[in-house]
> 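One structure, pasted below without further comment.
To find a chain, count down the sequence lines: A is the first, B the second, and so on, and within it residues start at 1.
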Number of protein chains: 2
Amino acid sequence: MSVKTRSKESPEMYLKSIYQLGETDDLVAISALAAHLSISPVSATEMIHRMVSRKLVQHIPYKGIRLTEKGRKQALAVIRRHRLWERFLTDRLGLPWERVHDVACQLEHAAGPEVTEALAADLGYPRKCPHGNPIPTAEGEMPDPEGINLLELTPGEMARVEVIQPEDTEILEHLSSRGLALGVELQVIEIAPFDGPRTLSIGDRKVVIGKEMASCITVQPVSI
Amino acid sequence: MSVKTRSKESPEMYLKSIYQLGETDDLVAISALAAHLSISPVSATEMIHRMVSRKLVQHIPYKGIRLTEKGRKQALAVIRRHRLWERFLTDRLGLPWERVHDVACQLEHAAGPEVTEALAADLGYPRKCPHGNPIPTAEGEMPDPEGINLLELTPGEMARVEVIQPEDTEILEHLSSRGLALGVELQVIEIAPFDGPRTLSIGDRKVVIGKEMASCITVQPVSI
DNA sequence: CCTTAATTTAAGGTTTACCTTATAATAATC
DNA sequence: GATTATTATAAGGTAAACCTTAAATTAAGG
């Protein structure tokens with residue numbers, strides 16, 4: 001038996017965040033990272049220094065940070081565990097997909113490769129998490145995401161929901177309550193002037209969602 | 001997103017230990033607790049103070065400690081989660097029972113009641129962990145253990161293995177490699193003089209195990 | 001009763017991961 | 001080139017859990 005405080009947890013959160021933020025920008029600003037993790041930039045800088053000394057990230061002062069290959073591998077391992085646990089929670093335990101993120105955040109730090117791969121096997125090697133995000137492979141590769149942003153659709157176009165990005169349960173429940181879910185087919189009815197809120201047709205109802213929200217949804221256009 | 005260090009982990013380990021040690025003795029010596037957790041008695045005392053202020057344990061100076069009702073409930077909740085995860089790891093992921101304890105130790109801290117009960121349901125509300133220990137109920141009751149200690153058997157008696165207590169993987173693999181496993185039937189062939197090592201007949205082989213080891217095994221006598 | 005052993009308290013230290021406030025350095029823009 | 005905003009560093013603090021060493025207290029046995 002041993003107690004010892006788990007020290008890998010925080011760095012793993014950082015790795016995940018840096019990876020995610022790094023998908024859009026090559027160099028991630030520490031201030032952006034701090035905001036994403038809801039911590040002060042000073043604390044983030046401190047931690048980055050520790051992670052630099054562990055060769056997990058590369059820091060270009062006044063420019064930003066970037067994962068090293070080692071850091072990238074670790075980040076993908078954490079993301080893999082996270083998304084596999086999410087699948088487990090929905091597929092095996094029947095929890096609603098809107099609510100599995102937070103639990104998976106706890107579980108993701110507690111499972112070595114042996115358990116992770118056994119879990120993946122049990123789940124039938126799923127390729128996507130319940131929100132539609134691709135699950136990194138055991139070899140540390142992130143499959144290319146498919147689809148386009150909902151914002152890119154023009155009125156009249158139809159599409160199938162591929163990814164619902166937000167991690168916040170409240171937001172997801174909001175979207176879910178309006179019929180938005182993975183695989184659902186929708187049609188853009190109208191875009192308010194000046195690139196404003198979208199009016200969508202989902203099933204037999206009309207739903208209006210703001211630009212902010214719409215940008216978090218990835219879709220696959222389908223021919224009418 | 002939030003980082004913040006998980007502070008419930010250590011107290012939960014203490015609760016588990018105190019519960020386990022409290023099964024044999026009403027009052028648990030802090031030194032015994034410290035030894036069980038591999039920490040210094042001074043550190044243990046410190047933590048006990050914190051737990052007393054949270055009304056989890058009762059401390060009678062120079063005598064020992066005891067769980068309060070609140071502490072007992074929490075301890076049983078942790079043990080329930082632990083044993084359910086163990087069952088999950090063996091039953092669903094196919095990991096060997098000798099090796100699931102450590103992983104379960106990580107998972108036990110990461111699951112609220114919702115997840116725990118969904119897990120219990122998925123597993124079919126098992127009543128015992130893979131080592132034969134009873135799983136506390138969701139209501140916070142610990143089922144009475146059945147069986148007697150292997151030490152109590154006399155030569156010639158036959159019995160079925162009910163519980164294999166040790167948590168150490170090495171020890172468990174040692175026992176496993178000699179054919180000892182839950183449900184296995186054995187017969188006591190001989191007890192060395194002065195209450196010494198036992199020679200057991202398991203299947204078609206003879207196995208000698210020391211008193212220490214034997215005391216960790218609970219059996220159910222079966223008529224010949 | 002007195003000594004020994006166990007227990008507790010005190011004092012000071014460590015690590016991790018956070019915080020704030022303030023100053024210094026750099027980048028970007030006017 | 002000077003100003004502004006961002007970024008970094010410095011300094012000092014907090015909290016949880018651990019550590020050691022040393023002194024004080026209490027229990028228990030001869």
> Given D:dC19, C:dT8, C:dT7, which nucleotide is nearest the side-chain atoms of B:Glu46?
D:dC19
> Taking CE from A:Met13 and P from C:dT16, how many angstroms apart are they, rounded to a whole number?
19 Å
> By the 4.0 Å heavy-atom rule, please label B:Ser31 as base, sugar-phosphate, or nothing.
sugar-phosphate
> Ignoring hydrogens and geometry, is there a side-chain-to-backbone donor-acceptor pair from B:Arg80 to B:Gly140 under 3.5 Å?
no
> Are the side chain of B:Ser17 and the backbone N or O of B:Tyr14 linked by a donor-acceptor pair below 3.5 Å?
no
> How close or far is atom C1' of C:dT9 from atom CD1 of B:Ile30, stated in whole angstroms?
12 Å
> When you check every protein heavy atom under 4.0 Å of nucleotides 22-30 of chain D, what one-letter string (B, S, -) results, 5' to 3'?
---BSSS--
> Nearest-Å distance, NE2 (A:His49) to P (D:dT7)?
14 Å
> Give me the atom names and distance for the closest heavy-atom approach of B:Lys70 to B:Arg54.
NZ-O, 3.1 Å
> Is any side-chain N or O of A:Ser40 closer than 4.0 Å to OP1 or OP2 of C:dC19?
yes
> Would you please confirm or rule out a distance under 4.0 Å between OP1 or OP2 of D:dA17 and any side-chain N or O of B:Ser10?
no
> Are any of A:Arg50's side-chain N or O atoms less than 4.0 Å away from OP1 or OP2 of C:dA17?
yes
> Counting only N and O atoms by type, is there a donor-acceptor contact under 3.5 Å from the side chain of A:Lys16 to the main-chain atoms of A:Ile79?
no
> What closest approach, in Å, do B:Met213 and B:His174 show between heavy atoms, and which atom pair accounts for it?
SD-CD2, 4.3 Å
> Kindly give the heavy-atom pair with the smallest separation between A:Pro126 and A:Arg87, and that separation in Å.
CB-CD, 3.2 Å
> To the nearest angstrom, how far is B:Leu33 atom CG from D:dC18 atom C1'?
14 Å
> Can you check whether A:His59 has a side-chain N or O nearer than 4.0 Å to OP1 or OP2 of D:dT7?
no
